[in-house]
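Owing to the predicted nature of the structure, the values given are computational and were not obtained by experimental measurement. Values below: all heavy atoms of this structure, side chains included; hydrogens, waters and symmetry mates excluded.
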Amino acid sequence: VQLQASGGGLVQAGGSLRLSCAASGLTFSTYSMGWFRQAPGRERDFVASIRWNGGRTYYADSVKGRFTISRDNAKNTVYLQMSSLKPEDTAVYYCAASRAVVSGREMRPDYWGRGTQVTVSS
């Protein structure tokens, strides 16, 4: 299984970025997908998740209203649209996949992708 995240970069506060995560080696349409992030010196935190059919989404309080998770099962890809970015959003962002149906903000990934760095300057 491979989860390849892309789209990170350097952006000014208030700007936007869209992360993508292309999955292979799994039946993508049967997996819940999610995004986590890890800032220097901190634990990896949940950001957002989406059920297999996109019917339900969940967000951390810190990003609700600013970030949107979506998926395209035909392309085996999950996205994270990030808007109104803040310096505290600076972190390495990781894509994750879970066989379980996500319900709420608890997600226990079976697979992790390599991260993509997002840096927000003030």
Side-chain angles (χ1 to χ4, degrees):
V1 173
Q2 288 193 335
L3 303 176
Q4 184 63 53
S6 61
L10 174 64
V11 64
Q12 288 188 334
S16 299
L17 279 176
R18 188 176 83 154
L19 305 184
S20 300
C21 175
S24 60
L26 74 171
T27 306
F28 182 78
S29 61
T30 66
Y31 278 74
S32 298
M33 299 297 296
W35 291 93
F36 290 72
R37 67 186 182 186
Q38 187 168 19
R42 301 191 64 172
E43 294 185 350
R44 191 173 297 187
D45 292 327
F46 169 81
V47 174
S49 64
I50 186 168
R51 288 188 179 178
W52 66 275
N53 62 354
R56 292 295 297 269
T57 57
Y58 303 92
Y59 298 93
D61 286 342
S62 58
V63 307
K64 201 167 187 179
R66 300 188 297 120
F67 290 11
T68 302
I69 188 171
S70 61
R71 66 189 295 160
D72 185 339
N73 286 348
K75 295 183 178 179
N76 286 4
T77 301
V78 62
Y79 305 97
L80 186 68
Q81 177 67 48
M82 305 186 293
S83 303
S84 301
L85 283 161
K86 305 174 181 179
E88 51 263 44
D89 294 318
T90 295
V92 177
Y93 283 71
Y94 296 90
C95 174
S98 172
R99 295 185 185 91
V101 176
V102 291
S103 179
R105 298 165 189 170
E106 291 292 325
M107 180 179 179
R108 296 180 182 179
D110 295 292
Y111 303 106
W112 291 95
R114 292 187 179 182
T116 185
Q117 176 71 46
V118 171
T119 303
V120 184
S121 63
S122 57

Practice task
Please determine if Arg71 forms a cation-pi arrangement with Trp52, meaning its NZ or CZ atom is less than 6.0 Å from the six-membered ring centre and no more than 45° off the ring axis.
Solution key: no
Exercise for the section: Check whether any side-chain heavy atom of Pro109 lies under 4.5 Å from a side-chain heavy atom of Phe36, and answer yes or no. Expected result: yes
Practice task
Specify the closest pair of heavy atoms between Gln38 and Arg42, including all atoms of both residues, with the distance to one decimal.
Solution key: NE2-O, 3.0 Å
Completion exercise
Taking every heavy atom of Ser32 against every heavy atom of Val101, the minimum-distance pair comes out as OG-CA, 3.6 Å
Problem - Any Gln81 side-chain heavy atom under 4.5 Å of Phe67 side chain - result: no
Practice task
Return yes when atom CD of Gln117 has more than 12 non-hydrogen atoms of other residues, nucleotides or ligands closer than 6.0 Å, and no otherwise.
Solution key: yes
Fill in the blank from the handout: Of all heavy-atom pairs linking Asn76 and Asn73, the shortest is OD1-O, 3.1 Å
Exercise for the section: For residues Ala39 and Ala91, report the shortest heavy-atom separation together with the two atoms involved. Expected result: N-CB, 3.8 Å
Fill in the blank from the handout: In short, Thr77 meets Ser20 closest at the heavy-atom pair CG2-CB, 4.3 Å
Problem - Heavy-atom side-chain proximity of Cys21 to Tyr94 below 4.5 angstrom - result: no
Practice task
State, with a plain yes or no, whether a side-chain heavy atom of Glu106 is found less than 4.5 Å away from one of Phe46.
Solution key: no
Exercise for the section: Find out if a path of hydrophobic residues (ILVMFWY) with successive side-chain heavy-atom gaps under 4.5 Å connects Tyr111 to Phe28. Expected result: yes
Handout entry: Arg37 bridged to Asp45 by N-O distance under 4.0 Å
Key = no
Handout entry: Connected via hydrophobic side-chain network under 4.5 Å: Val102 and Val1
Key = no
Problem - Sub-4.5 Å side-chain heavy-atom contact between Met82 and Asp89 - result: no
Practice task
Test Ser103 against Arg51 for side chain to side chain contact (heavy atoms under 4.5 Å, CB included), laying out the working first.
Solution key: CA-CA 8 Å; Ser103 179; Arg51 288 188 179 178; 3.9 Å; yes
Practice task
Compare all side-chain heavy atoms of Cys95 with those of Val78 and state whether any distance is below 4.5 angstrom.
Solution key: yes
Problem - Arg18 charged N/C atom sitting above Tyr79 aromatic ring, 6.0 Å / 45° - result: yes
Handout entry: Backbone N/O of Ser29 and side chain of Thr27: donor-acceptor pair under 3.5 Å
Key = no
Exercise for the section: Check the pair Glu88, Thr90 against side chain to side chain donor-acceptor pair (under 3.5 Å), reporting the backbone distance first and the verdict last. Expected result: CA-CA 5 Å; Glu88 51 263 44; Thr90 295; over 6 Å; no
Handout entry: 4.5 Å side-chain heavy-atom contact, Leu3 and Trp112
Key = no
Practice task
Check each of Val47, Thr116, Val63 against Leu80 using the side chain to side chain contact (heavy atoms under 4.5 Å, CB included) test, and report the only one that passes.
Solution key: Val47
Exercise for the section: Report the residue from Met107, Met33, Arg105 that forms a side chain to side chain contact (heavy atoms under 4.5 Å, CB included) with Ser49. Expected result: Met107
Practice task
Taking all non-hydrogen atoms of both residues into account, name the closest pair between Ile69 and Gly34 and its distance.
Solution key: CD1-CA, 4.2 Å
Practice task
Take Arg66 and Tyr59 through the side chain to side chain donor-acceptor pair (under 3.5 Å) test and state the conclusion after the steps.
Solution key: CA-CA 10 Å; Arg66 300 188 297 120; Tyr59 298 93; over 6 Å; no
Practice task
Compare all side-chain heavy atoms of Leu17 with those of Val118 and state whether any distance is below 4.5 angstrom.
Solution key: yes
